[in-house]
Amino acid sequence: MVSRIIPVDPFDLTIFGGTGDLARRKILPGLYRRFWAEQMPEDARIIGAARSEMSRKDFQDMVREALLEFVAGAKRDTDRIEAFLDHIHYVAIDAKGEGGWPDLKAMQRDGVVRAFYFSVAPGLFGDLAERLHAHGITDDDSRIVVEKPFGRDLASARTLNATLAEHFDEHQIYRIDHYLGKETVQNLMAVRFGNILFEPLWNAQYVDHIQITVAETVGVGGRGQYYDKSGAMRDMIQNHLMQLLCLIAMEPPHQFDPDAVRDEKLKVIRALDPVDPSDIVRGQYGAAKGTKSYLEDVEDSGSATESFIAMKVHVSNWRWKGTPFYLRTGKRLRGRASEIAIIFKKTPHSIFGEQEEQRGNALVIRLQPNEGMNLRVTIKEPGPGGMRLVEVPLDMSFADALGPEAADIPDAYERLIMDVIRGNQTLFMRGDEVEAAWAWTDPIIDGWEARGDRPKTYEPGSSGPEESAMLLHREGRRWREIRE
Ligand code: NAP
């Protein structure tokens, strides 16, 4: 396969929170991998910013350590890492103070893309936006990248949008949802809109239901205190699973351009029905040998926050009326698996007489592990014995189909940061999208609080509470298995 890496324009990228966990695990390794792939221009600069007083060399040492820890395989090349460190700079800045800003301003160059990644607590986003503007560090083309969570309800998301809008236009604001940067998620759009095969069947007439699962094996661990304030609904459904649902349910945009795509996603969110409480199952993992329960992890025996949620959602429009979307996500489950499954209806009549019951066609898009796709089809079982039907998967692994280079898929963060430099907002959430998602989520959470709803305890290593299975069983359906 021919490499199609196109270098991006020269840039100065400042990472506020450059010494933090996200920067060390994702942002800096992602930038390094783009450097390794020769996509980064020679004069690109990456400026770490945080309150800690440290020299440029101290920060370079920290970045080296992070890369050695978080970059794997052949890319973990010490010579290349040293060359990358030449691009790294540091400035000590307190988002809430005035020191350091003139230094940051002095470091900015004219004629290059200026981007500012807010990898700090959301409570500091407003301070950063205000001071960047007040110190004259940004211009009309500068970009800011904001991390999740974007608000914790509609009111706070509106306030945050309004604060950012005081200093930046919408075209300058890049709200990250790293799920949108995943290769398979973009492939979902390619499969839908680049083939004639699926789109005619992509509606309530032919699709029985859709399942979106994001399962984790880990518990909340050290993030317990933070997680307990949000829970699975705020942390996963309102953003990541909602974005996946939008990409499945949306109408074809007239072109693959940021506003055309985001307009269509917004229409989906607005078409979501309110969810009946009987269509939601919330859970908290219990204790097991060697692992603590959710309540022990968050050190609050009275916590009513969910570490698991399963729900049935309806999109009320012509295309989807009557086809349920089942969403499920949780921690300490039996496997680490994220997938979207489009389950098609069965054929209206079997011409083959008595057969073992077939489940029908399913298109499964795997986000992790090993990103890829799989189409379940019914064929004749080979060999003698008459016309016996059997279901087989047509499995597409990127590596098999496109060569080994294709297996080297860029991490979501790498792709998204390069999109910021390119000025392409297609894979970022627009302000009105985020607000619409909260407007749908808020009444659900308010309802739990008003009713004093408590999550059900589930066994760690299971597929969640029993009631989650019942949510589908009662309608003659079943969840796909979460593989270990
Ligand atoms: P973290 O490990 O706590 O790091 C916070 C960073 O912010 C540090 O570099 C810290 O350095 C800096 N900082 C704190 N107060 C500051 C101030 N007043 N002025 C300037 N810098 C300040 O947090 P994180 O896990 O990297 O998360 C960063 C953001 O990403 C958060 O919004 C989080 O919700 C989001 N996020 C994180 C993850 C993840 O996996 N970690 C995933 C998704 C989203 P100093 O103490 O030296 O100032």
Side-chain angles (χ1 to χ4, degrees), residues 148 150-151 153-155 157-158 160-161 165 169-171 173-177 179-182 184-196 198-212 233-234 236-276 279 311-327 340-342 363 365 419 424-445:
K148 81 167 206 186
F150 199 89
D153 53 23
L154 177 57
R158 272 191 180 142
L160 190 48
N161 271 335
D169 282 346
E170 183 62 34
H171 78 270
I173 305 172
Y174 290 72
R175 295 175 194 79
I176 282 225
D177 185 320
Y179 270 57
L180 292 178
K182 288 180 184 283
T184 22
V185 171
Q186 290 157 73
N187 233 325
L188 172 61
M189 287 188 274
V191 164
R192 276 195 67 188
F193 305 129
N195 296 286
I196 194 71
F198 296 110
E199 201 50 26
L201 306 179
W202 210 263
N203 54 53
Q205 196 179 345
Y206 295 105
V207 175
D208 179 73
H209 71 280
I210 285 151
Q211 299 185 11
I212 306 176
M233 186 71 177
R234 287 191 170 99
M236 297 297 296
I237 300 273
Q238 185 273 345
N239 39 61
H240 304 318
L241 277 84
M242 173 84 81
Q243 288 295 320
L244 299 180
L245 184 153
C246 285
L247 295 178
I248 299 163
M250 73 181 186
E251 294 301 314
H254 71 280
Q255 58 186 22
F256 192 59
D257 120 319
D259 277 328
V261 170
R262 296 184 301 176
D263 285 346
E264 295 306 335
K265 280 161 58 194
L266 179 61
K267 286 183 207 163
V268 174
I269 303 175
R270 290 192 173 145
L272 291 175
D273 279 351
V275 185
D276 193 278
D279 288 337
M311 61 198 303
K312 182 170 82 164
V313 175
H314 276 286
V315 180
S316 266
N317 60 20
W318 274 44
R319 186 188 281 264
W320 293 116
K321 188 75 191 170
T323 295
F325 287 69
Y326 297 101
L327 315 183
I340 297 165
I342 318 291
L363 175 67
I365 297 148
D419 277 356
N424 185 343
Q425 289 185 305
T426 310
L427 301 176
F428 295 83
M429 294 179 295
R430 212 167 52 190
D432 51 2
E433 255 185 277
V434 179
E435 288 186 15
W438 280 123
W440 176 78
T441 313
D442 272 4
I444 299 173
I445 298 176

Q: Apply the test side-chain contact (heavy atoms from CB on, under 4.5 Å) to residues N203 and W318: give CA-CA distance (whole Å), side-chain angles for both, the deciding distance (0.1 Å), then the verdict.
A: CA-CA 9 Å; N203 54 53; W318 274 44; over 6 Å; no
Q | Worked verdict on K312 versus V275 for side-chain contact (heavy atoms from CB on, under 4.5 Å) | A | CA-CA 7 Å; K312 182 170 82 164; V275 185; 6.0 Å; no
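Taking the side chain as every heavy atom from C-beta outward, P200 and Y206 never approach each other to under 4.5 Å. Using a 4.5 Å heavy-atom threshold, the side chains of Y179 and L241 count as separate. Looking only at side-chain heavy atoms (C-beta outward), L245 and V268 come within less than 4.5 Å of each other.
Counting only distance, with no hydrogens or angles, the side chain of R262 and the backbone of P258 share a donor-acceptor pair below 3.5 Å. Although no hydrogens or angles enter the test, the distance criterion places a donor-acceptor pair under 3.5 Å between the side chain of W320 and the main chain of A249. Remark: the backbone N or O of M250 is paired with a side-chain donor or acceptor of R192 at under 3.5 angstrom. Here the side chain of Q243 pairs no donor or acceptor atom with the backbone of L427 at under 3.5 angstrom. N424 contributes a side-chain N or O that, together with a main-chain N or O of T426, makes up a donor-acceptor pair within less than 3.5 Å.
If you take CG on L327 and CD1 on I237, they are separated by 5.0 Å, rounding to the nearest 0.5 Å. In this structure, the separation between CG on D153 and CZ on R158 is 10.0 Å, given to the nearest 0.5 Å. Here the straight-line distance linking atom CG of D263 with atom NZ of K267 works out to 6.5 Å at 0.5 Å rounding. For the atom pair CG of N161 and CD of E170, the computed distance is 7.0 Å after rounding to the nearest 0.5 Å. One distance of note links OG1 of T441 with CE of M233; it measures 4.5 Å at 0.5 Å rounding. Going from atom CG of D442 over to atom CD of Q238 covers 9.0 Å, rounded to the nearest 0.5 Å.
A salt bridge links K265 with E433: at least one charged nitrogen is closer than 4.0 Å to a carboxylate oxygen. Note on R319 versus E199: salt bridge recorded, some NZ/NE/NH1/NH2 to OD/OE distance being below 4.0 Å.
Listed here is the closest heavy atom pair of D273 and S316: OD1-OG, 2.8 Å. Heavy atoms only, all atoms of each residue included: I269 and C246 are closest at CG1-SG, 3.5 Å. L363 and V191 make their closest contact through CD2-CG1, 4.4 Å (heavy atoms, listed as atom of the first residue, atom of the second, distance). Closest approach of L201 to V207, counting heavy atoms only: O-CG2, 3.4 Å. In plain terms, the two heavy atoms of Q186 and L180 that are nearest each other are NE2-O, 3.5 Å. Counting all heavy atoms, side chain and backbone alike, T323 lies closest to D208 at CG2-O, 3.7 Å.
Under the rule for a ring pair (Phe, Tyr, Trp, His ring centres under 6.0 Å), F150 has no partner lying at least two apart in sequence or in another chain. Residues meeting the side-chain hydrogen bond (donor to acceptor under 3.5 Å, both in side chains) test with K148, sequence neighbours left out: D235, H240.
Exactly one residue among I248, L272, I210 makes a side-chain contact (heavy atoms from CB on, under 4.5 Å) with V315. That residue is L272.
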